[in-house]
Protein chains: 2
Amino acid sequence: MWFLRESSENFFNVSPDCLYLTFIYTEIIVEEKEDSLLSGVKEIARRAKVSRATVDRVIHNRPGVSLKTKNRINAIIEELEYQPNVLAQRLALTSRGILRLAVLLPDISQETEYWKAPLEGINKAETEIKQYGLQVDYYFFDQNEQAVFAEQVRLIMENKPDGVLITPTFETESIALLSYCKAKKIPCVLMNSDIPGQQRLCYIGPELFDSGYLSAQLVHYCLKEKQKVMIVNIAREIENNVAILRKEEGFLAYFKEKLSEDLLVSLNTTDTSYPAVAGKLNELLQEEYHVGVIYVTNSRVSLVAKWLESIGRNDIILIGYDYLDSNIEFLKKGIIDFLLCEKPQEQGYRSVMTLFQFLVFSTVVKEDYLIPIDIITSANYRYYRN
Amino acid sequence: MWFLRESSENFFNVSPDCLYLTFIYTEIIVEEKEDSLLSGVKEIARRAKVSRATVDRVIHNRPGVSLKTKNRINAIIEELEYQPNVLAQRLALTSRGILRLAVLLPDISQETEYWKAPLEGINKAETEIKQYGLQVDYYFFDQNEQAVFAEQVRLIMENKPDGVLITPTFETESIALLSYCKAKKIPCVLMNSDIPGQQRLCYIGPELFDSGYLSAQLVHYCLKEKQKVMIVNIAREIENNVAILRKEEGFLAYFKEKLSEDLLVSLNTTDTSYPAVAGKLNELLQEEYHVGVIYVTNSRVSLVAKWLESIGRNDIILIGYDYLDSNIEFLKKGIIDFLLCEKPQEQGYRSVMTLFQFLVFSTVVKEDYLIPIDIITSANYRYYRN
DNA sequence: CTGAAAGCGCTTACAG
DNA sequence: CTGAAAGCGCTTACAG
């Protein structure tokens, strides 16, 4: 029988598509049929002539075992290539007390449909791990209300959770929470956007710079001669919005590198209502009628799509973000051409699962799980999975 | 506490990115803290004043329970919103006999590096389920040897496996195997390409027609005026290769719909060596020097890339398939522009896991798990996960 | 430093 | 038609 050896230990593997990173390919070997009936703690104990409790101590490197027995047991473990049965492990741990995870997320509002997806992923993870003694407490905030964010951070600290998951929308307060976690040795996962240089369990989300860079590359492929490119930021807060700034940086970097910044026309609006956006666009298009491609730096791309539709311009290529119903509608119609997506549901799911694994199994967590940057068009959106 | 209700039952959930399909969003509700300590078979038995064995019978719809007790127990199950602990379930089943899965796959040869990835996914799944009583037996064949394929099919039938996973490279023999499985009630998963109209547990792989269609769409975005498009098939067997034919169909469909078939130049070669491919390309380019985009219908795109590099033409856009080292090299260099990928590792992993879940937990299997069609460029390949 | 025993929640012969 | 008991493989008080 042929198989590839790997460092297993991930029964609770969260995703087949993380194979690419976790899979440690070593060699193809021929396995000798091992008497799999005789492995397990029991068999080790039998061979070492000790009790199962002692074997357990050695396996988990707990104190209270003489070096001699320890060595003896370890030898047998090696010989048997012992792999713990994760099922049994977890079942036995069921009796332990409840662990509480604090999750700090933006509200799901009309304006920010986006956050529904990460929340769904978190909810899904929650239902899966609930019966194993984990509890998730939610703290929501309005993305335009820094004070609420601060208050929620305070509450989290007050409640002394066992693990924390946040989207670090406001940097100062986020850093305060991270320091708190560090001091209390509480693992903290950052999701969706990162704060560089901070200590945390890990970051789970996209590499935003490259997301902007990729957009520029797509623009380049679509750009015809003598055309200009419009980059549009639509958000109440632009200056403080880490995500937007990083994407813009990547986008500009590409233009500096391969094209020219002279091709770029910028449009910023902190009024996110449709009339405001449309008004600004109309104005700008008067001056710059050679625009061939528009890049919108976030999920608000449907506003621009609506405008393009209203003025009957479907010759302009439109690129934006996120698999939202409103965006998909325009994608189908051919008004939006490309949507970049970063699996928001998976981000939420994986973040919680990472905390779970870390807390319950002391699984080593690789820093920074960078989510793929997916390109969605009208021809492949049907098969996309958030 | 807020959470989304869903039909859970997928602790063994293979992927967070399958959320989009499996997640049944119903409503946001406020949960009353339930006394989670008192659910479980034991509690049900206590309330119904029966033994746990009887409760088990009802849960699994096994015969031998009076209608009266059955109803009583079911009422309590409803009331408690009982969810079985999948961990315990599986652990208890460990004592059952071994189940054998037969996997029929192309060899990993020099020529077909592609098949390494699905095999890795299968291997991964194997190591995860091995300790729960599953065994995977591999049957390999040379893609150019129909006779070997037939022989392996015969062997599989002889060995009477409990589950079957095949890539149906040769249709006749595949259909024979499917009939056998149907007769013996053995679940069979088709992977990577489908045979329409056949009974099987499910198909796991891409929608190949749309894969070709998507390629054409990308071509369209990149195509400049007066340029032509070359479509290249490189395979020993083209006429019988379902995958290639379907993609080509989709590709042509797009051109008929949105552009014109007159723009297309075709190149087929059943000699897959570099000199042969380069020779044919040289010849054709002499006649058709307006080619602006080349679409290669499979992973052999690196041969074309090598040729483009050798003649110093990096103005031609090149689109092909699969995340292979050789292809990624040319992607980085900017010679290949787009690679379409269909998560081959995940296909393998998910196929085995599906059989596992079906056999061990009688999980209902949705027909046809269609893998996303991913677009990879030099700007996002770093984050791709096979 | 070590072990006997009970427990995690579910399943399954076996006996009645 | 129903139940008592043992078992899946691991962990953990508790006792010594």
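Just so it is clear: chains get the letters A, B, ... in the order the sequence lines come, proteins before strands, and each one is counted from 1.
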Original post:
Does the A:R72 side chain pair with the main chain of A:A48, one donor and one acceptor, at a distance under 3.5 Å?
Top reply: yes
Subject >> Nucleotide paired to C:dC1 in any strand shown, Watson-Crick or G-U, under 3.5 Å >> reply: D:dG16
Original post:
Does A:Q89 place a side-chain N or O at less than 4.0 Å from the phosphate oxygens OP1/OP2 of D:dT11?
Top reply: yes
Subject >> Separation of atom CD1 in A:I77 from atom P in D:dC10, rounded to whole Å >> reply: 11 Å
Subject >> Whole-Å distance separating the CG atom of B:N61 from the P atom of C:dT11 >> reply: 13 Å
Original post:
What's the NZ-P distance between B:K42 and D:dG3, to the nearest Å?
Top reply: 16 Å
**OP:** Just call it for B:N85: base, sugar-phosphate, or nothing, with non-hydrogen atoms closer than 4.0 Å on any strand.
**Re:** sugar-phosphate
**OP:** In whole angstrom, give the distance that lies between atom CG of B:N71 and atom P of D:dC1.
**Re:** 13 Å
Subject >> Interatomic distance where CD1 belongs to A:I59 and P belongs to D:dC10 [whole Å] >> reply: 7 Å
Original post:
Should B:T69 be listed as having a side-chain N or O under 4.0 Å from OP1 or OP2 of D:dC1?
Top reply: no
Original post:
When you check the phosphate oxygens OP1 and OP2 of D:dC1, does a side-chain N or O of B:T54 lie under 4.0 Å from one of them?
Top reply: no
Original post:
Which whole-number value in Å describes the distance from B:R72 CZ to D:dT2 C1'?
Top reply: 11 Å
Original post:
Quick one: is C:dA4 close enough that its OP1 or OP2 comes under 4.0 Å of any side-chain N or O from A:S51?
Top reply: no
**OP:** Apply side chain to side chain contact (heavy atoms under 4.5 Å, CB included) to the pair A:L80 and A:R47, showing each step before the final yes or no.
**Re:** CA-CA 11 Å; A:L80 259 42; A:R47 296 204 191 191; 3.5 Å; yes
Original post:
Considering heavy-atom distances to DNA chain D, does A:R52 or B:R57 have its closest nucleotide positioned more toward the 5' end?
Top reply: B:R57
Original post:
Where each residue is assigned the nucleotide of DNA chain C containing its nearest heavy atom, which of A:A53 and B:P84 is assigned the position nearer the 5′ end?
Top reply: A:A53
**OP:** Kindly point out which of C:dC8, D:dC1, C:dT2 is positioned nearest to the side chain of B:S66?
**Re:** D:dC1
Original post:
Could you give the NZ-to-C1' distance, from A:K70 to C:dC1, as a whole number of Å?
Top reply: 13 Å
**OP:** Using atom NE2 of A:H60 as one end and atom C1' of D:dG9 as the other, report the distance to the nearest whole Å.
**Re:** 11 Å
Subject >> Touch class at under 4.0 angstrom, heavy-atom based, for A:P63 against every strand present >> reply: nothing
Subject >> Side-chain donor or acceptor of B:R350 paired with backbone N/O of B:I371 under 3.5 Å >> reply: no
**OP:** Spell out, as yes or no, whether a donor-acceptor pair under 3.5 Å connects the side chain of A:Y203 to the backbone of A:N192.
**Re:** yes
**OP:** Begin from the C-alpha positions of B:D162 and B:K184 and carry the test salt bridge (charged side-chain N to carboxylate O under 4.0 Å, His left out) through to its verdict.
**Re:** CA-CA 10 Å; B:D162 300 293; B:K184 301 279 181 186; over 6 Å; no
Subject >> Of the listed nucleotides D:dG7, D:dG9, C:dT2, the one nearest the side chain of B:L91 >> reply: D:dG9
